[in-house]
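Notes follow once the structure below has been shown.
Remember, it's 1-based here, ligands and their atoms both numbered in the order they're listed.
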Amino acid sequence: MRSLVMGALACAFLAACAQQEPAQLTGAALVERGDYLVNGVVLCGDCHTPRNADMSSDLTRQMQGADIGESGPPGVFATHAPTLAGLPANYSEEQFIAFLQTGVRPDGTQPRPPMPPYRLNEADARAVAAYIATLPQASPTQ
Ligand code: HEC
């Protein structure tokens, strides 16, 4: 009986720890979680990574911006997803984290569709930004 109670307590305690964990991640663990979120859940690369001739993602140019063609009315819908690798142009890491939580750029405007207006929680936004900050930027000759 005692061990049953202890087991239940341990589970409750571990569940609480698991929920809190993402907010506490730092360094390599935070980047690793961002890798999982970006490449396994929110899939930023579907639009922001250029494709090879066979339409697979060109992982040598991950998040380096891509033409995505027309997916809606011209002008209303964007046809190019800008480069994000290393951080999007003109964003500090904190501004990028805020953007991922609100969908609003630092200047108060919003990107056009099909860019989704993400509402990530702060822990996930921090992980996504930390991971994208590690990706190599395109060299000027590319
Ligand atoms: C369905 C396609 C799609 C997906 C998925 C997508 N984006 Fe975008 N994103 C775009 C397009 C297209 C634009 C350009 C919008 C414009 O020009 O108005 C854009 C714009 C942005 C911008 C704005 C840059 C600026 O100029 O201010 C940021 C930042 C961004 N995306 C980050 C991300 C991140 C991070 C993810 C994943 C969490 C993501 N995007 C997923 C298509 C996408």
N/O donor-acceptor pairs under 3.5 Å from side chains in residues 77-87, not counting sequence neighbours:
{"unit_1": "His80", "atom_1": "ND1", "unit_2": "Ala66", "atom_2": "O", "d": "3.3"}
{"unit_1": "His80", "atom_1": "ND1", "unit_2": "Asp67", "atom_2": "OD1", "d": "2.8"}
{"unit_1": "Thr83", "atom_1": "OG1", "unit_2": "Met63", "atom_2": "O", "d": "3.3"}

Other residues, nucleotides, ligands: >12 heavy atoms within 6.0 Å of Asp107 CG: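 Atom CG in Asp107 is crowded, with more than 12 foreign heavy atoms closer than 6.0 Å.
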
Glu93, CD: over 12 other non-hydrogen atoms inside 6.0 angstrom: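 More than 12 within 6.0 Å, yes.
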
Ligand 1 N/O within reach of Arg105 N/O, cut-off under 3.5 Å: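 Yes - when backbone and side-chain N and O of Arg105 are compared with those of ligand 1, one distance drops under 3.5 Å.
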
Test of proximity, Arg112 against ligand 1: N or O pairs below 3.5 Å: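 Yes; at least one N/O pair falls below 3.5 Å.
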
Shortest protein contact, atom 22 (C) of ligand 1 (heavy atom only):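 Ranking protein heavy atoms by distance from atom 22 (C) of ligand 1, first comes Phe99 CZ, 4.0 Å.
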
Taking atom 41 (C) of ligand 1 as the reference point, the nearest protein heavy atom with its distance: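 For atom 41 (C) of ligand 1, the nearest protein heavy atom is Tyr118 OH, 3.3 Å.
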
Tell me, please: is [X] in heavy-atom contact with ligand 1, that is, under 4.0 Å?
X	answer
Leu100	yes
Leu43	yes
Gln110	no
Tyr91	yes

Should [X] and [Y] be regarded as members of a common hydrophobic cluster, given that ILVMFWY residues are connected when their side-chain heavy atoms come within less than 4.5 Å of each other, either directly or indirectly?
X	Y	result
Leu59	Val42	no
Val104	Phe99	no
Leu43	Phe96	no
Leu37	Tyr91	yes
Val31	Val38	yes

Metal environment of atom 8 (Fe) of ligand 1, protein N/O/S under 2.8 Å: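 The answer, once waters are left aside, is His48 NE2, Met115 SD.
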
4.5 Å side-chain heavy-atom contact, Tyr118 and Met115: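 When only atoms from C-beta onward are counted, Met115 and Tyr118 do touch, with a gap below 4.5 Å.
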
Check: Ser56 side chain, Asn52 main-chain N or O, donor-acceptor pair, under 3.5 Å: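 No; zero donor-acceptor contacts below 3.5 Å.
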
Enumerated ligand 1 atoms positioned under 4.0 Å from heavy atoms of Pro88: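 Those qualifying, in numeric order: 29 (C).
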
Numbered atoms and elements of ligand 1 in range of Val42, under 4.0 angstrom, heavy atoms: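 Under 4.0 Å from Val42, ligand 1 has these atoms: 38 (C).
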
Proximity of Ile68 to ligand 1 by residue part, where a heavy atom lies under 4.0 Å: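 Near ligand 1, Ile68 shows its side chain, while the N, CA, C and O stay back.
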
Side chain, backbone, both or neither: Leu120 near ligand 1, heavy atoms under 4.0 Å: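 The answer is neither; Leu120 stays 4.0 Å or more away.
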
Option passing side chain to side chain contact (heavy atoms under 4.5 Å, CB included) with Leu120 (candidates Ile97, Thr102, Val128):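 Only one of Ile97, Thr102, Val128 forms a side chain to side chain contact (heavy atoms under 4.5 Å, CB included) with Leu120, namely Val128.
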
No-hydrogen, no-angle side-chain donor-acceptor test under 3.5 Å, Gln62 and Asn39: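 The answer is yes; a qualifying pair exists.
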
